[in-house]
Undergrad: 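Please read through the structure below; I'll follow up with questions.
Numbering of ligands and ligand atoms starts at 1, following listing order.
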Amino acid sequence: PVATAGLIERYREWLPVAEGDPVVSLGEGSTPLVHAPVLSELIDGEVWIKVEGANPTGSFKDRGMTVAVSRAAAEGAKAVVCASTGNTSASAAAYACRAGMRPVVLLPAGRIARGKLAQAIVHGAEIVQVDGNFDDCLTVARKLAEAYPVALVNSVNPDRIEGQKTAAFEVVDVLGDAPDLHLLPVGNAGNVTAYWRGYRQYAEQGISTRSPRMWGFQAAGAAPLVLGHPVLDPETVATAIRIGNPASAEQALAAREESGGRFESVTDDQILDAQAFLASREGIFVEPASASGVAGLMALHAAGEVDRGLQVVITVTGNGLKDIDTALSRHTVGATTVEADVHQVAEVCGLTR
Ligand code: F0G
């Protein structure tokens with residue numbers, strides 16, 4: 001047991017986990033929904049940031065993983081496998097450890113952020129670096145799970161989507177109703193699918209009076225859902241969403257359609273600018289991919305396409321500490337060293353009495 005109620009405990013009646021089933025939890029969910037005053041002023045509306053980097057392994061993946069690994073445990077699985085751009089593997093490794101299972105993770109060689117690689121290593125995952133991209137890894141992971149006794153915990157596993165839909169529940173539970181717009185990054189397209197399911201289910205049960213329009217953002221070099229066809233060689237600094245052939249494309253497009261939403265792409269520069277803006281103006285440090293929703297809001301606002309007075313929720317999907325190499329690559333760390341002397345410190349900081 002963990003002292004903080006995890007998702008399954010909070011939302012069991014909405015999830016495929018019966019009373020008495022095994023629960024593998026690290027106290028995930030219940031993440032902060034933080035008001036963003038600077039962004040709110042910018043768009044002349046009300047902007048809230050859902051900080052998913054506050055989950056136990058630092059990303060939203062934990063929501064899906066608690067359900068997927070609990071269900072795998074109920075079925076007696078001894079090992080789990082996933083393909084990953086880094087966050088799924090970190091989460092799968094942690095939850096598998098917790099359940100006494102063996103985690104096997106397939107990663108695009110050399111293309112995942114070091115913090116995420118560190119997580120897979122310390123949790124003792126079997127790490128297989130594949131000469132290919134995420135899409136290639138997922139193809140192999142699916143075949144592996146078909147032919148061998150390992151449970152697939154990618155978001156093509158419906159239990160993952162079930163767990164991740166709870167983020168939409170939390171937004172409604174905190175705000176009292178669904179917002180006008182929900183913005184988020186889109187890679188393999190599981191999360192946008194999950195949020196839309198969560199919003200719809202709450203509306204169907206009368207817990208909310210409406211559902212938001214879903215606005216999804218892909219990196220310009222990896223934007224198959226914007227282009228309308230798979231991208232063979234996806235490329236972006238936002239390695240988490242460096243995906244050319246999203247597994248949940250169909251469901252994501254249905255979410256866009258049903259919600260009256262839109263999918264757009266943002267450039268790497270826009271993503272990194274949004275990451276820096278969020279960190280320096282709103283106090284929230286996220287990894288590059290996670291900033292693409294904010295980048296999208298800023299770009300569409302600049303284009304005059306965001307109405308005034310809207311209530312907007314933006315999911316930031318992963319913690320900034322996952323990928324410090326990219327974050328630091330745009331900065332020079334202050335090189336001045338002074339003596340342990342108050343006057344010297346004050347001078348260096350430009351402080352005057
Ligand atoms: N943001 C982050 C930080 C991610 O790690 C991912 C996906 C996404 C956004 C996109 O979510 O795939 O549901 O559309 N990461 C996967 C992984 C692919 O392997 O960690 P999606």
Side-chain angles (χ1 to χ4, degrees), residues 50-55 57-65 68 81-94 103 105-108 111-113 115-117 119-120 125 130 133-138 141 152-157 160-161 163-165 167 183-198 214-219 222-226 234 236-253 255-256 263 266 271 274-275 285-296 314-323 326:
K50 184 70 170 154
V51 185
E52 289 291 278
N55 276 297
T57 78
S59 85
F60 71 96
K61 305 290 182 177
D62 297 342
R63 294 181 183 275
M65 213 53 75
V81 64
C82 68
S84 184
T85 55
N87 281 323
T88 299
S89 50
S91 184
V105 304
L106 274 54
L107 309 176
R111 299 306 299 261
I112 79 164
K116 304 174 187 179
L117 186 60
Q119 290 180 287
V130 175
N133 58 34
F134 169 85
D135 307 290
D136 303 317
C137 292
L138 183 56
L152 184 66
V153 293
N154 279 106
S155 57
V156 294
N157 175 335
R160 280 276 312 279
I161 305 293
Q164 285 173 210
K165 76 185 178 188
L183 280 66
L184 77 174
V186 174
N188 209 28
N191 213 27
V192 65
T193 299
Y195 270 91
W196 181 239
R197 185 179 299 173
M214 301 299 301
W215 286 11
F217 295 91
Q218 303 202 284
L225 297 179
V226 180
T236 169
V237 69
T239 53
I241 52 172
R242 185 172 163 265
I243 294 172
N245 191 13
S248 297
E250 221 167 279
Q251 291 154 285
L253 293 172
R256 178 178 70 179
F263 291 167
V266 283
I271 288 173
Q275 179 191 30
F285 181 27
V286 304
E287 65 167 289
S290 304
S292 48
V294 174
I314 311 176
T315 297
V316 293
T317 43
N319 196 297
L321 295 173
K322 296 263 190 182
D323 183 5
T326 302

Undergrad: Does any N or O in the side chain of S89 come within less than 3.5 Å of the main-chain N or O of G86, such that one atom is a donor and the other an acceptor?
TA: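 Between the backbone of G86 and the side chain of S89 there is a qualifying donor-acceptor contact (under 3.5 Å).
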
Undergrad: Keeping R111 on the side-chain end and T239 on the backbone end, is there a donor-acceptor pair under 3.5 Å?
TA: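 Not a single qualifying donor-acceptor pair exists.
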
Undergrad: Using modelled atom types only, decide if a donor and an acceptor are shared between the side chain of N188 and the backbone of G190 within a distance under 3.5 Å.
TA: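 Flag not set: sc N188 to bb G190 has no pair under 3.5 Å.
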
Undergrad: For ligand 1, note which part of K322 has a heavy atom under 4.0 Å away: side chain, backbone, both or neither.
TA: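 The answer is neither.
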
Undergrad: So is A189 polar-close to ligand 1, meaning N/O to N/O under 3.5 Å?
TA: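 Between A189 and ligand 1 (N or O atoms, distance only) the closest approach is under 3.5 Å.
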
Undergrad: So is S290 in contact with ligand 1, going by heavy-atom distances below 4.0 Å?
TA: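 So S290 counts as touching ligand 1.
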
Undergrad: Counting non-hydrogen protein atoms only, what is the nearest one to atom 13 (O) of ligand 1? Give residue, atom name and distance.
TA: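 Its nearest protein heavy-atom neighbour is N191 N, 2.8 Å.
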
Undergrad: Which heavy atom of the protein is the closest neighbour of atom 16 (C) of ligand 1, given with residue, atom name and distance?
TA: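 So the nearest neighbour among protein heavy atoms is K61 NZ, 2.9 Å.
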
Undergrad: Do F60 and T315 make a side-chain contact, defined as non-hydrogen atoms from C-beta onward lying under 4.5 Å apart?
TA: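 F60 does not reach T315 side chain to side chain.
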
Undergrad: Taking atom 11 (O) of ligand 1 as the point of reference, which of F217, Y195, F60 owns the nearest heavy atom?
TA: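 Among F217, Y195, F60, the closest heavy atom to atom 11 (O) of ligand 1 comes from F60.
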
Undergrad: Can you sort out which atoms of ligand 1 are near T317, meaning under 4.0 Å from one of its heavy atoms?
TA: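 Matching atoms, with element in brackets: 1 (N), 2 (C), 3 (C), 9 (C).
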
Undergrad: Go through ligand 1 atom by atom and flag the ones less than 4.0 Å from a non-hydrogen atom of S84.
TA: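 Selected atoms, number and element: 17 (C), 19 (O), 20 (O).
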
Undergrad: Got a donor-acceptor contact below 3.5 angstrom from the N245 side chain to the D135 backbone?
TA: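 Judged by distance alone, no pair lies under 3.5 Å.
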
Undergrad: Checking a contact table here: which protein heavy atom is nearest atom 20 (O) of ligand 1, and how many Å away?
TA: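 Of the protein heavy atoms, T88 N, 2.8 Å lies nearest.
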
Undergrad: May I ask you to list the atoms of ligand 1 that are less than 4.0 angstrom from any heavy atom of G190?
TA: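 Close to G190: 13 (O), 14 (O), 21 (P).
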
Undergrad: Are the side chains of Q275 and F285 in touch, meaning some heavy atoms are under 4.5 Å apart?
TA: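 In short, these two side chains touch, coming nearer than 4.5 Å.
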
Undergrad: With sequence neighbours left out, write down each residue that passes side-chain hydrogen bond (donor to acceptor under 3.5 Å, both in side chains) with S292, or none if nothing qualifies.
TA: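 By the side-chain hydrogen bond (donor to acceptor under 3.5 Å, both in side chains) rule, S292 matches no residue at all.
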
Undergrad: Where the closest heavy atom to atom 4 (C) of ligand 1 is concerned, which of A249, A240, S155, G216 has it?
TA: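 Answer by nearest heavy atom: A240.
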
Undergrad: Could you pull out all residues at least two apart from R256 that satisfy salt bridge (charged side-chain N to carboxylate O under 4.0 Å, His left out)?
TA: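 Per chain and number, R256 pairs via salt bridge (charged side-chain N to carboxylate O under 4.0 Å, His left out) with no residue.
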
Undergrad: Using a 4.0 Å cutoff against the non-hydrogen atoms of E287, which atoms of ligand 1 qualify?
TA: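 Counting from 1, the qualifying ligand atoms are 3 (C).
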
Undergrad: Looking at side-chain heavy atoms only, is the closest gap between L107 and L117 below 4.5 Å?
TA: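 Yes, their side chains come closer than 4.5 Å.
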
Undergrad: Can you name the atoms of ligand 1, numbered from 1 with element, that are less than 4.0 Å from a heavy atom of V186?
TA: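 Per the distance check, 14 (O).
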
Undergrad: May I ask which of I243, T85, I241, V192 has a heavy atom nearer to atom 8 (C) of ligand 1 than the others do?
TA: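 Among I243, T85, I241, V192, the closest heavy atom to atom 8 (C) of ligand 1 belongs to I241.
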
Undergrad: Which atoms from ligand 1 have a heavy atom of N87 less than 4.0 Å away?
TA: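 Result: 2 (C), 3 (C), 4 (C), 5 (O), 20 (O).
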
Undergrad: Hey, are the side chains of S59 and T317 touching, using non-hydrogen atoms and a 4.5 Å cut-off?
TA: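 No, side chains not in contact.
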
Undergrad: Numbering the atoms of ligand 1 from 1, which are under 4.0 Å from a heavy atom of N188?
TA: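 This gives 12 (O), 14 (O), 21 (P) as the contact atoms.
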
